[in-house]
Amino acid sequence: MSLFWKPGAEKPQLLDDEEGGVLFFSSALSSSSSSYGYASLEKQRQRLPVYKYRNSILYLVETHSTSIVVGETGSGKTTQIPQYLKEAGWADGGRVIACTQPRRLAVQAVASRVAEEMGVKLGDEVGYTIRFEDLTNSELTRIKFLTDGVLLREMMTDPLLSKYSVIMVDEAHERSISTDILLGLLKKIQRRRPELRLIIASATIEAKSMAAFFDTSKKRRGSDDKQHGPKTEPAILSVEGRGFNVQVFYAEEPVPDYLRAAVSTVMSIHNQEPPGDILVFLTGQDDIDAAVELLTEESQNNGKPSGGLTILPLYSGLSRADQDLVFSPTPRGKRKVVISTNIAETSLTLEGVVYVVDSGFSKQRFYNPITDVENLIVAPISKASARQRAGRAGRVRPGKCYRLYTEEYYVNELSTEGIPEIQRTSLVSSVIQLKALGIDNILGFDWPASPSPEAMIRALEVLYSLGVIDDDAKLTSPAGFQIAEIPLEPMISKMILASDELGCSEEILTIASVLSIQSIWASSRGSQKELDEAKMRFAAAEGDHVTFLNVYKGFLKCNKSPTWCHKNFVNYQAMKKVIEVRGQLRRTAQRIGINLKSCDGDTQVVRKAVTAGYFANACRLEAFSHSGMYKTLRGSQEVYIHPSSILFRVNPKWIIFHSLVSTDRQYMRNVITIDPSWLTEAAPHFYQHRQPDSFRQ
DNA sequence: GAGCACTGC
């Protein structure tokens, strides 16, 4: 540490190439090429821990089909390994080195860093591809960063990924669905392309289980020695990180209320510890808002005026402006406290954090294949998560982590790693993707972690009912192939397909785009009542989907004006995204032969198209229910219209919902009125046998 | 009259 940064001066550019969490200092980023010369960049590269392993890594990649690199935060593996490979000739002869990331932001940030280090223009020799953005040049690009989802899509046109010589799958420990599917498929590709090299890079992975997955040497024992090719047994290499030491403290006794415990822990840190920001991990918006309020109270009773704390919430539902507040520098004499969801564990990196308070819980998605319902449940985190959270305290100097659970609990109760996403979600999208890649035996697919047979069977049932697969579980033609081509949930894609015949594709493309955005309403600002009133200006008696069409129309009519959005409680950023997604879907729709046509306000055909995709979510109002209770036609599950819906308290007799949110009750979000006769029209195989009973008026 | 961890094509 011979370099010191003078307070008040511009901070040096910081770029986290490990967790995918990146903090941009835009001014530093744009001026960096002029302020840092090539030599200093080269020196920076050599100071990274991974530099010592350069030759070992190149040797392993040369001699092994698969290499597993375990590198802790700050090791430099993501930015350096692709460059080492390039320098060693792996990109010669027109070949390309690929490096995948789970997140778009990480792809962009790492690519621009590497381009800068190599002194080339981003998009030439070094490029990246994410949805909506392809900054590569097929002639020039030798190192390509991309999201793992994009690489999966690329396999649809080039199943063997033949242009790549080395594929590095980064952040593999996160075990996202796309990463797992990608790993399964890459293992298959390796058999056909022995010259392909894989690098699995991760922070805390159970390297041995990953190595076992890629180890095909046993089956080939005896022939291995005679072959001149690479060893099929994976190599494992560990690279140390560059983070500072973090001292971990545990609760002496189990904590009855983690919210209060978190607040009092923050207060005692504030009162007893030297300066440094505090990051608190809680589970969700509710918890966080409550903790902010409680902490604000406590800190005001603390003697000092305003308590010396700047307290900020952080979760994805916040507007961009509110999220950006956590990055603003802490005022002199103040201490910043950020109370956050898991978003600060991987997606966002906060500099200046010295203390972490870890509740030990997070919200996790679980899927019930019997009811086909996904739930968000507060559950204990894994040891890997706990370590990751603690590490957030050691980015700028040695830090401290306070765990609101006992050491015994950590050792005995927390699982080593989380449950892979593939075992916690509906498999409908994954199955259709594999089918489209020609993997017909889904049950026999070699997954890094197998999903449950129940979930696989349920996915096949759903796809069959949508007409995506036939009696032999093969993709139908053309419908199945068309639906696989659209990058959305198969139910939405089916809706788009149906809109072609019904002559309302323009409207359905709008609805599909809105449904794929979190929310188009500006919810965090102003009172709830005002938002509700604003919504009523767009309200359609037919339901939320048609209401979305009215908002979209208004947005176009005012020339996409931010002022109009503000006035109408519409989220401007979200609407811009709707336009973007819609544009992409429109191009995809045209490519697969869908006629673009508007139904000019005929909402009946629009609702029929929605029914074609979501018939399984049909509900009927209980005849004598005063509380607005509905029952699903399939399964007779008790459900209620969510208060955010335009049809809340209207309670039409027959409706279809887009999704369920389960809390104390099952709430239907985004509902639309239908005529029950459309159900048998849309899905005769699904509803015919139930007609006598369920359809009585 | 109540609530949406986080990604991604």
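The structure presented is a predicted model; accordingly, all values stated were derived computationally and were not measured. Note on naming: letters A, B, ... go to the chains in the order of the sequence lines (proteins, then strands), and numbering restarts at 1 for each one. Every heavy atom of this structure was used, including side-chain atoms; hydrogens, water molecules and symmetry mates were not.
- Note on Ser316(A): a side-chain N or O is less than 4.0 Å away from OP1 or OP2 of dC6(B).
- No side-chain heavy atom of Val96(A) sits less than 4.5 Å from a side-chain heavy atom of Ile143(A).
- The distance from atom CD of Glu154(A) to atom C1' of dG8(B) is 15 Å, rounded to the nearest whole Å.
- Between the side chain of Glu374(A) and the backbone N or O of Ser426(A), at least one donor-acceptor pair lies under 3.5 Å.
- Checked against dT7(B), dG1(B), dC9(B), the side chain of Asp532(A) finds its nearest nucleotide in dG1(B).
- Following rounding to the nearest Å, Leu376(A) (CG) and dC6(B) (C1') show an atom-to-atom distance of 10 Å.
- Heavy-atom distances to DNA chain B give each of Asp286(A) and Leu314(A) a nearest nucleotide, and the one nearer the 5′ end belongs to Asp286(A).
- Taking atom CD on Glu133(A) and atom P on dG8(B), their separation rounds to 12 Å, with Å as the unit.
- Distances shown here put every side-chain N or O of Arg424(A) at or beyond 4.0 Å from the OP1 or OP2 atom of dA5(B).
- In this structure, of dA5(B), dG1(B), dC9(B), it is dA5(B) that holds the atom nearest to the side chain of Arg365(A).
- Using cut-offs of 30° and 60° on the angle between ring planes, the pair His545(A) and His658(A) is perpendicular.
- Going from atom CD of Glu530(A) over to atom P of dG1(B) covers 21 Å, rounded to whole Å.
- Spacing between atom CG of Leu531(A) and atom P of dG1(B) amounts to 18 Å, rounded to whole angstrom units.
- For Ile343(A), counting side-chain heavy atoms from C-beta on, the closest listed nucleotide (dA2(B), dC6(B), dG1(B)) is dC6(B).
- Nucleic acid contact for Ile130(A): sugar-phosphate only, since backbone atoms but no base atoms lie under 4.0 Å from a heavy atom of the residue.
- Atom CD1 of Ile641(A) and atom C1' of dG1(B) are 13 Å apart (whole Å).
- Which of dC9(B), dA2(B), dA5(B) sits closest to the side chain of Val150(A) comes down to dC9(B).
- Listed nucleotides: dC6(B), dA2(B), dC9(B). Nearest to the side chain of Arg131(A): dC9(B).
- For the pair Arg665(A) and Tyr640(A), the cation-pi criterion (under 6.0 Å, within 45° of the ring axis) is fulfilled.
- Side-chain proximity of Arg649(A) to the nucleotides dG3(B), dG8(B), dG1(B) is greatest for dG1(B).
- Nearest nucleotide to the Pro487(A) side chain, out of dC9(B), dC6(B), dT7(B): dC9(B).
- If you check dA2(B), dG8(B), dG1(B) against the side chain of Phe648(A), the one that comes closest is dG1(B).
- For the pair Leu488(A) and Tyr315(A), both in contact range of DNA chain B, the more 5′-proximal nearest nucleotide belongs to Tyr315(A).
- Atom P of nucleotide dA5(B) and atom CZ of Arg103(A) are separated by 18 Å, given to the nearest angstrom.
- Residue Phe132(A) contributes atom CZ, which lies 9 Å from atom C1' of dC9(B) at whole-angstrom precision.
- Across all strands, Thr341(A) comes closer than 4.0 Å only to sugar-phosphate atoms, never to a base (heavy-atom distances).
- No donor-acceptor distance shorter than 3.5 angstrom exists from the side chain of Arg669(A) to the backbone of Ile641(A), with no hydrogens or angles considered.
- Looking only at distances, no side-chain donor or acceptor of Ser450(A) sits under 3.5 Å from a matching main-chain atom of Trp447(A).
- Listed candidates were dT7(B), dG8(B), dG1(B). Nearest to the side chain of Arg104(A) is dG8(B).
- At the heavy-atom level, Gln364(A) lies nowhere under 4.0 Å from the strands shown.
- Contact annotation for Thr147(A): backbone-only contact, meaning every heavy-atom pair under 4.0 Å involves sugar-phosphate atoms and none involves a base.
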